[in-house]
2 protein chains.
Amino acid sequence: MKRFALLLGGPLLATEALKERLEGYRLLAADSGGRHALALGLTLELWLGDFDSSPPWLQEALSAPKEVLPREKDLTDGEALLRKALELGAEEVLLLGALGGRLDHTLVHLELAFLLAQKGVRVELTDGLTRAFPLLHGVHAFPLRPGAPFSLLPFPEATLGVEGARWDLPPTALKATSRTLENEALGPIRVRVEAGRALLYLF
Amino acid sequence: MKRFALLLGGPLLATEALKERLEGYRLLAADSGGRHALALGLTLELWLGDFDSSPPWLQEALSAPKEVLPREKDLTDGEALLRKALELGAEEVLLLGALGGRLDHTLVHLELAFLLAQKGVRVELTDGLTRAFPLLHGVHAFPLRPGAPFSLLPFPEATLGVEGARWDLPPTALKATSRTLENEALGPIRVRVEAGRALLYLF
C-alpha cells in the first residue's frame, strides 16, 4: 500500500500520536503546510507550491526538496499536491491541515477527497482533532470505540443507513437535514450508502 | 420584506457594524447562539432549543422568551429555528454563527441555506468576518468593492461563470476543482449559474 500524508495549509494539532501514526507514510507538503512538518519534527520528501504563503523564516527553517509553481495558475497548491500524489501512485492519502481553515479551502479539500475516493484511493481528512471520511456507494466499517460521537452527512444528498450506533438508521433518503448529526457509536459502526455519497465526521 | 437574523451556535465576531446592520431584522436564537445576542447587546424575539449547550450563567444573563425543545429529537436546534423562521414568513434570512464552528454543523447550515434559497428566501451565512451565499440557477449580482477577494465553488458541481473579476470565467462545467478559488473583484461582479448550484464566499 503506497501511503502518502499530504500537509495542507489549514490548522493542524501536531501531537506525538499523530507523529507515530505517520510512520510508513511518505510526506509531502503544499506551501504553508510545510510548517506542520516543522511542528511534527518530520522530514519532507517534497515541498511544493508558489510559496506566497510561506514566510522567509519558514523557508529558512525547513530543508526539503522544493518544487516551485508559478503564482498565477488555475489550481491551488493543495490541488497540485494531490495530483502529484496520484502521479506517484498513492493508494492511501491522509490529508493533514485539510479541515477547519478557510471554508472555501475546506470545501475544495472535501470535493478533492471524493475525487480521490472515486479513483479507488483511501482518503481521510483531518485537523489533528476531528476526522472526515468521504463515503461512496457500499458498506463502510469503522472500528470506533463505544461512546465515540460521530456525524453522518448526506453530501449533498444520499440514501444511507447506519448500524452499531445509539441511533441506528435503516437506509433512508436524506437531503438538507440535521437528522444524522451527533450520533454515538456503541462500538464498531457500519455505514451503508445506497445512493449518492456521504461524509462521516468524527469529532 | 420580512427579515430575520438567526443566531446559531458557531463563532461570531460581534461588531458595531454588524449590530447596525441588524436594525430592521427580527432576531431569533438557537441554544448557545443566544450568547451572540448578549455580545451584540440586542434583544431576542425568541430563544429556542433544548438548552443543553447554554450554561446556567447565559440563561440567567439573557432574558428572552424561551421555547424549550426536547433533548432527544431528530433535528438540531439550528434546523428547528430555521423552520420557525419559515413558519413566521421569512423572506430574507441572515444566518449568524453559521460558519467556521464544527464542520458538520457548517455543512448542514450550507445545505439548509440552499433549501431556503429553493423556497425563494434570500440567504446569507456569516461568522461576522467571512460571508457565504448559496446560488441557484440564474444571474446573481454582488456589489463588491474593487480588490475584494472572493471564491466561487461549484457545490458540488455546476456550470458557472463570472464577470467583473480579475479572472473572468465564461460559463464552464466545474466539479472538484480549486480553479475558481481566490479571485478578486474589479467592482460589482455578476455570477452566472447555468446548471447545478454554487457558493459565493467572501473572505
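Each chain gets a letter, A, B and so on, in the order its sequence line appears, and its residues count up from 1. Given the structure is predicted, the values throughout are model-derived calculations rather than measurements.
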Could you tell me which portion of [X] (side chain, backbone, both or neither) has an atom closer than 4.5 angstrom to a non-hydrogen atom of chain A?
X: B:Arg166; answer: side chain
X: B:Thr130; answer: neither
X: B:Leu153; answer: side chain
X: B:Glu157; answer: neither
X: B:Leu152; answer: neither
X: B:Leu199; answer: side chain

Within 6.0 Å of [atom1] in [X], more than 12 heavy atoms from elsewhere:
X: B:Arg122; atom1: CZ; result: no
X: A:Lys175; atom1: NZ; result: no
X: A:Lys2; atom1: NZ; result: no
X: B:Arg190; atom1: CZ; result: no

- request: Could you look at A:Arg83 and say if it's the side chain, the backbone, both or neither that has a heavy atom under 4.5 Å from chain B?
  value: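 For A:Arg83, neither part sits under 4.5 Å from chain B.
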
What I'd like to find out is whether the side chain of [X] reaches to under 4.5 Å of the side chain of [Y], using heavy atoms alone.
X: A:Ser151; Y: B:Arg102; value: yes
X: A:Glu182; Y: B:His105; value: yes
X: B:Phe155; Y: A:Glu111; value: no

Selection from B:Leu115, B:Thr180, B:Thr177, B:Leu82 maximising heavy-atom pairs under 4.5 Å formed with chain A: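 Ranked by contacts with chain A, first place is B:Thr177.
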
field: Option from B:Thr76, B:Asp74, B:Asp77 for which side chain to side chain donor-acceptor pair (under 3.5 Å) with A:Ser178 holds
entry: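 The option that passes is B:Thr76.
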
message: For B:Leu103, run the side-chain contact (heavy atoms from CB on, under 4.5 Å) check against A:Thr106, A:Asp127, A:Leu107 and tell me which one passes.
response: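 So, applying the side-chain contact (heavy atoms from CB on, under 4.5 Å) to B:Leu103 and each of A:Thr106, A:Asp127, A:Leu107, only A:Thr106 qualifies.
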
message: I need the A:Leu181 CG to B:Leu75 CG distance, nearest 0.5 Å.
response: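 Here the rounded value is 10.5 Å.
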
